[in-house]
Amino acid sequence: MGVKVVPARKSRPRTSAPGAHFSLAVSGVRSNWGAMWSGANRAAEEFYAGLLQEFDENKKGIRKDPFIYEADIQVQLISKGQPNPLKNILHENETIFIVEKVPLEKEEPSPIEELQSEDTAISDLSTGENVGLLALPIGRARQLIGFYTMAHNPNMTHLKINRPVTALPPLWVRCDGSDPEGISWLGAELISTSSNITGIVLYMVTCKVDKNYSVNLEDLKKSHKKRHHLSTLTASGFARYELFKSTALDDTVAASQTTITLDISWSPVDEILQTPPLSSTATLIVKHDAAAVDGSIECLLTVRGDLDFAEQLWCKMSSSVISYQDLVKCFSLVIQSLQRGAIQPWLHSGSNSLLSKLIHQSYYGTMDTVSLSGTVPVQMLLEIGLDKLKKDYICFFIGQELASLNHLEYFISPSVDTQEQVHRVQKLHHILEIVVSCMLFIKPQHELLFSLTQSCIKYYEQNPLDEQHIFQLPVRPTAVKDLYQNEKPQKWRVEINSGQKKVKTVWQLSDSPPIDHLNFHRPDFSELTLSGSLEERISFTNMVTCSQVHFK
């Protein structure tokens, strides 16, 4: 124990008795334990202080880099709406602390290292080692969870922390999965009333690559009851079906991001991998990539047979004008012809471009003088292009019986400036891409397409253009049953709950790793089959369990 017993001096013979040696040893043990507790207390105080400062600054809107704790640990606060590394595990969207190892900076290679042979480089890549791996050993992770718990425990009054303690957001620590259970995350979330912190929920997340998984729903329920000493529970299910996902045709073209998925929730769950019943709640999550549908849009937007003069002019100019000088020359010829009365072109009603106004004036023999200099020719081209696109989109949406003229009024209104008109037409084009994606790839019933169109219209009447936005549409399972009932889910999850939101056990099976910081051995592509079911393909299983600790 690091205690050195000094031999008794002759003047004090009693110190050589066995009891004296035992007394000295116990004193040494107490001294070491005291030092350990003192160190843990200081560490908990410092850790809490750093978390509190990060939390307070975030509330004030001060953006900053993650704070560093003891040189090797970094902590960052993830707010609602920000990219969350736990999104594939927990479906709650809340503010959390993420604790991880400080990333290693990649050093510049020396000239000798740059001459490394290709074989050696391939060998290095095959080891699966990542530069700056962010996960922590399980022992270190548990220590940090312990500091968070100590700081919030109202019984730890000896800690130098202002009382009452500020309840901080949940804390999650990345783990390296090197322990026998394969723990990938540890989490801690406070249990509190309006005025007091009464306890804490401790989470453990494990993840495995398991081609031949075996789990029984009744065993999960029994384990949950045993852990929480509760007699009643509910089991709710979630399944995600990937109805469409476009991919790259070869290595030279980036993979398209068009995805159409169907999320289904239901309760109760009868068995593992149960097909969702028709009484479930279903949502269709459409995300598109323009490159995947542009060619198809051109086919669907057939050339109208009622193009007026300005629209025909725009079509010819868009294919032949290649310079500013060409633009000026073209509009000069048109204006001169109008002034001489050589042409009397017809226009659709409602055209509001400068060229349209000049044409209307030419009917009466009086035309304004227009100086074709500066940005005027470009503005004129933009205006006739906007008019044509608006009519094209009106023709599509009304022709497909997906919207009326009143529904489209916001997007085609000429009462706003040109720049705003451009933005609104861009929104309308994005809606078109979303609808065409569904028409092409999943061929849904018209009722569903109409609802999707209306949902997109309502969203874009109130929000700016966001091509990464995922549109969600509540649907009736009976309307989409043919799309999922004979398919295997991309993700299947059961959540066992005991009436309290934070007391749960979650088991999930997915065809992609839900953990982004661990390396999983993957079989060769030859081992997989393109038509293989979820059970036949490589599968990832992850488990979320929790336990409650009440402060007394």
Side-chain angles (χ1 to χ4, degrees), residues 63 79-84 87 93 243-246 254-261 263 283-301 311 314 318 350 352-353 375 378-400 402-442 444 448-474:
R63 298 180 60 87
S79 301
K80 290 182 179 180
Q82 292 181 317
N84 191 324
K87 65 181 179 181
N93 181 23
L243 305 182
F244 175 80
K245 182 176 182 179
S246 53
S256 166
Q257 297 299 310
T258 296
T259 56
I260 304 175
T261 58
D263 288 355
T283 303
L284 189 73
I285 299 192
V286 181
K287 180 181 178 183
H288 94 291
D289 176 48
V293 295
D294 274 351
S296 302
I297 287 177
E298 291 180 9
C299 296
L300 290 171
L301 288 178
E311 291 175 313
W314 186 86
S318 63
N352 289 278
S353 66
T375 61
V378 177
Q379 180 78 9
M380 291 177 67
L381 182 65
L382 176 60
E383 289 174 353
I384 62 174
L386 279 173
D387 274 350
K388 180 183 183 300
L389 286 176
K390 289 176 183 178
K391 292 185 178 68
D392 287 343
Y393 295 150
I394 291 171
C395 182
F396 173 81
F397 286 109
I398 294 181
Q400 295 289 335
L402 298 173
S404 68
L405 200 57
N406 287 337
H407 291 141
L408 302 174
E409 177 60 30
Y410 165 83
F411 302 96
I412 62 176
S413 173
S415 61
V416 293
D417 62 44
T418 305
Q419 189 63 48
E420 179 60 22
Q421 290 185 52
V422 170
H423 289 156
R424 294 187 182 187
V425 168
Q426 286 177 321
K427 292 179 181 181
L428 197 56
H429 183 80
H430 189 214
I431 296 173
L432 178 68
E433 290 172 333
I434 293 292
V435 172
V436 169
S437 295
C438 288
M439 291 177 66
L440 291 175
F441 303 135
I442 64 173
L448 182 58
L449 273 180
F450 178 82
S451 298
L452 177 62
T453 304
Q454 295 300 310
S455 176
C456 294
I457 286 174
K458 289 179 180 178
Y459 175 82
Y460 271 138
E461 285 177 340
Q462 300 175 356
N463 296 281
L465 178 67
D466 179 7
E467 294 186 352
Q468 299 304 312
H469 181 73
I470 299 176
F471 287 92
Q472 297 181 328
L473 178 68

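Atoms considered below: every heavy atom in the structure, side chains included; atoms not considered: hydrogens, waters and symmetry mates. This is a predicted model, so every value here is computed, not measured.
Using a 4.5 Å cut-off on side-chain heavy atoms (C-beta onward), Leu448 and Leu473 make contact. The shortest side-chain heavy-atom distance between Ile457 and Ile431 falls under the 4.5 Å cut-off. At a threshold of 4.5 Å between non-hydrogen side-chain atoms, the residues Leu402 and Leu452 do not count as touching. Using a 4.5 Å heavy-atom cutoff, the side chains of Asp392 and Lys388 are in contact.
Taking CG from Leu284 and CG from Leu243, the interatomic distance works out to 6.5 Å, rounded to the nearest 0.5 Å. Summarising the geometry, atom CD belonging to Gln472 is positioned 11.0 Å from atom OH belonging to Tyr459; distances are rounded to the nearest 0.5 Å. Rounded to the nearest 0.5 angstrom, Thr375 OG1 and Met380 CE are separated by 11.5 Å. Note that CZ of Arg424 and CG of Leu408 are 13.0 Å apart. Values are rounded to the nearest 0.5 Å. Atom CD1 of residue Ile394 and atom CD1 of residue Ile412 lie 3.5 Å apart, to the nearest 0.5 angstrom.
Glu461 pairs by the salt bridge (charged side-chain N to carboxylate O under 4.0 Å, His left out) definition with nothing, not counting sequence neighbours. Listed by chain and number, the residues in a ring-ring contact (aromatic ring centres under 6.0 Å, His included) with Phe397 amount to none (sequence neighbours excluded).
Residues His429 and Glu433 bring a donor and an acceptor atom of their side chains to less than 3.5 Å of each other. There is no side-chain donor-acceptor pair under 3.5 Å between Thr259 and Thr261.
Across every non-hydrogen atom of Ser437 and Ile260, the tightest pair is O-CD1, 3.8 Å. A pairwise comparison of heavy atoms in Pro444 and Leu449 identifies CG-CG, 3.8 Å as the closest pair. Phe471 and Tyr460 make their closest contact through CZ-CE1, 3.7 Å (heavy atoms, listed as atom of the first residue, atom of the second, distance). Listed here is the closest heavy atom pair of Asp387 and Glu311: O-OE2, 4.4 Å. A pairwise comparison of heavy atoms in Gln421 and Val416 identifies NE2-O, 3.0 Å as the closest pair. Taking both residues in full, the closest heavy atoms of His430 and Asp466 are given as CE1-O, 3.4 Å, listed atom of the first, atom of the second, then distance.
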Worked verdict on Cys456 versus Val435 for side-chain contact (heavy atoms from CB on, under 4.5 Å): CA-CA 9 Å; Cys456 294; Val435 172; 5.6 Å; no
Val425/Lys390 under side-chain contact (heavy atoms from CB on, under 4.5 Å): CA gap, chis, key distance, verdict: CA-CA 7 Å; Val425 168; Lys390 289 176 183 178; 4.0 Å; yes
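Panel note: side chain Gln82, backbone Ser79; a donor-acceptor pair is recorded below 3.5 Å. Between the Ser455 side chain and the Ser451 main chain, no donor and acceptor come within less than 3.5 Å of each other. A distance-only check finds no donor-acceptor pair linking the side chain of Ser413 to the backbone of Glu409 [under 3.5 Å]. Remark: the backbone N or O of Asn463 is paired with a side-chain donor or acceptor of Lys427 at under 3.5 angstrom.
Ring-centre distance between Phe411 and Tyr393: not below the 6.0 Å cut-off.
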